[in-house]
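In the text below, chain A, chain B and the rest are named by the order of the sequence lines, each starting its count at 1.
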Amino acid sequence: MKKVLTPNHGLIAKTRCVSSKTNLKTEDDQGTAFPEQMTHIKYASKGLEKFPQKYKQVPLTLFIKKSKTLVMLDEISEKFTVTFPKSEDTLTVDIGPEDFAKLKNMLEKDKRDSSPAHNPESITECIWQEMKTDNNKLMQYYFRLSKIRLTGLVVLTAMAGYAMAPAAFDPIGFTMVTLGTGLTSASANAINQFFEVPFDSQMNRTKNRVLVRGYLSPLHAVTFAAVSGSVGLVVLALGANPLTAALGAFNLGLYTLVYTPMKRHTILNTWVGSVVGAVPPLMGWAACTGSLDPGAWIMAAIMFCWQFPHFNALSWNLRPDYSRAGYRMMSVVDPNLCKRVALRHTVGITGLCFLAPVAGLTTPLFPVMSLPLNLYFTYLGWKFYQQGDSSSSRSLFRFSLLHIPLLILLMIVNKPSRKNDSKDSGKESVTVVQSELT
Amino acid sequence: MKNIINFRYVQNLANSLNRCACIIQFRDLHNQGKSELHIYNVPPPSKKYDLIGPPDKKSNLRPVVFHVPQKETALQCRYRLMRKETHDWNQAFWANHNERFFKEKEDFVRRKLDDKQQTVDSAEARLSADELSEFYKAFLDKNYPLHANYNREWYHKNLRLLFPAFQVFLEKIYNKLFKR
């Protein structure tokens, strides 16, 4: 398979370094016909900013303006072939097997180092850019700042909490709690990103965050967080009820002021983070009924337990990055504990699902229906505990992303029907009052 | 078929890429429009804005070149100097920290491979993730006071920059509105 040079690897510059060290027998290179002046090089590509593997790779094509030649660089085994289509010349840059091996080794070493500076994935990562806020992309930046996918999942769990609550469905209340939770979560994530700029720069996963790249100024990000947080809490207080707003404010504070700094001090941060993940269903529930019933607590407990296999599996493969960036996570500090805790909590979820009908959250059919799902999840947790390698952790993580939406769906399907939360209840009470008045 | 390596071509190509500003033309397949992306390997002069560059090889932080306006006010000057100081401090810390990390990792790998009686450069010389994780844990534990200290300082410096930034912003608006 032909490997192709791409500018991302900076291979061309490196080729120069290596080739200039080899003993190229050129007596006439002193009197060059090309004076050392600027040569404008134009590069034609498919116009793709990123070069994902699924696209067919084309040889790197350069257009040298001065001499009006089109140059195509293509790597064939150990030699780089430069083809001039016009004169149909082929220039083979043979840098010799030792130098080629050295070059390859340099690249491999860079890759091994796995730090963001050595792993550019796109040309925009390697260029100087003006720190000018692009107002067209403002919404896009705000989405990225608020970690929109994570926020979306948080909002979904809040909606699930609302759906499971044994009170009437009020569309306005529902919309308000959704909006409020989303805004509060966005604010929390923006503050988190503001606090963690140098640490995010160290890890490949987070190196393209908005503040790391300088697309927005820190003041802008903090203002966004302040505005969305306050609006979110006000929406929750007025649109739902003060309890929901209090929970939202508590969660916001817990995430930004406790969890974020704690990540660098102790592994207990994972437990705090799991509480943060468990609160949104409570918020949804409180918005619906105005109080927190046992069913709400069971739901929150299930969410709490789910965070552990989810996060421990994710962090398993990020150990080098976490270690270098200085984050204290179970996967680095105590790997055995990491695996044990993940397994423990998968079993915990299975057990809690059996408690759900007892608390009145669901019908007794729910534990039965969810058993296969939970057993498979526990099985994956067991495999992760036994093997503790990247593949088992990845499958556990991936399944956790599937597990929780399905579990929530099963919960909603098995919600017990109550007389006092149907739509007719409103009419019933009105007719009762009318009959009493007349 | 051995071709004569024309050193001039290679040298010219490489020099141009390495030394000068290159104009890269993107041909967009979708709308066939031509757009130009300027790629500079040294910071280009900017009339109005700060510049942020590719991540530094050692510290992974992106260097910032601060733009000094002609009529810089005292507030702006103070803010810029604070930012510069924070950036330099950050850069120094992480460059040093990362160097130590990779050096200690190399030493650890070397020692482990010696124990296993293998040379470092051989093809099978790879430590498993579990063995490496010992190093990661040891590194984290050893550097905990350093990290805790850095955290405290970083939070302090970061938050300290917010109010001057706000002052500069207000001043800019004031100047725009009241000083023509």
A/Ser201 backbone acceptor or donor facing B/Asn60 side chain under 3.5 Å: no
Close side-chain approach of A/Tyr322 to B/Tyr136, heavy-atom, < 4.5 Å: no
Close side-chain approach of A/Gln202 to B/Leu61, heavy-atom, < 4.5 Å: yes
Chain B contact via A/Thr266 - which portion, at a heavy-atom distance below 4.5 Å: neither
Spacing of B/Arg62 atom CZ and A/Met131 atom CE [to the nearest 0.5 Å]: 10.5 Å
Residues 88-97 of chain B: residues contacting chain A (heavy atom under 4.5 Å, by number): B/Asn90, B/Trp94, B/His97
Proximity breakdown for A/Phe194 and chain B, heavy-atom pairs closer than 4.5 Å: both
Option that, when pairs with chain B are counted at under 4.5 Å, heavy atom only, ranks first among A/Pro198, A/Ser217, A/Gly326: A/Pro198
Distance (rounded to the nearest 0.5 Å) between A/Arg328 CZ and B/Tyr144 OH: 6.5 Å
B/Phe101, part contacting chain A, at a heavy-atom distance under 4.5 Å: side chain
Rounded distance [0.5 Å steps], OG in A/Ser323 versus NZ in B/Lys105: 9.0 Å
Non-neighbouring partners of B/Lys157 that pass side-chain hydrogen bond (donor to acceptor under 3.5 Å, both in side chains), sequence neighbours left out: B/Glu153
Heavy-atom proximity to chain B below 4.5 Å, by part of A/Val222: side chain
Candidate pair A/Arg324 and B/Phe102, rule side chain to side chain contact (heavy atoms under 4.5 Å, CB included), full reasoning: CA-CA 9 Å; A/Arg324 188 163 49 83; B/Phe102 288 121; 3.8 Å; yes
Interchain contact, B/Tyr150 with chain A, by part (heavy-atom threshold 4.5 Å): side chain
Atom pair NE2/CG of A/His265 and B/Asn151 - distance to nearest 0.5 Å: 4.5 Å
Stepwise side chain to side chain contact (heavy atoms under 4.5 Å, CB included) check, A/Gln129 with B/Leu51: CA-CA 6 Å; A/Gln129 285 178 318; B/Leu51 294 164; over 6 Å; no
Chain A contact via B/Arg83 - which portion, at a heavy-atom distance below 4.5 Å: side chain
Residue list, side-chain contact (heavy atoms from CB on, under 4.5 Å) with A/Ile191, at least two apart or on another chain: A/Phe195, A/Ala225, A/Thr256
Under 3.5 Å: donor-acceptor pair, side chain of B/Lys137, backbone of A/Val332: no
From A/Arg264 atom CZ to B/Leu140 atom CG, the distance as rounded to the nearest 0.5 Å: 9.0 Å
Most contacts with chain A, counted as non-hydrogen pairs under 4.5 angstrom, among B/Val65, B/Asn143, B/Asn98: B/Asn98
Cut-off 3.5 Å, no hydrogens considered: what does the side-chain donor-acceptor table look like for residues 162-171 of chain B, sequence neighbours left out?
residue, atom, partner, partner atom, Å
B/Glu171, OE1, B/Thr73, OG1, 2.8
B/Glu171, OE2, B/Thr73, OG1, 3.4

Student check: side-chain heavy atoms of B/Ser133 and A/Trp316 closer than 4.5 Å: no
A/Lys132 side chain vs B/Tyr49 backbone, donor-acceptor pair below 3.5 Å: no
B/Asp56, part contacting chain A, at a heavy-atom distance under 4.5 Å: backbone
Winner by heavy-atom pair count (cut-off under 4.5 Å) against chain A, out of B/Leu161, B/Asp141, B/Leu146: B/Asp141
Between A/Ser331, A/Pro261, A/Gly388, A/Pro218, the one whose heavy-atom pairs under 4.5 Å with chain B are most numerous: A/Pro261
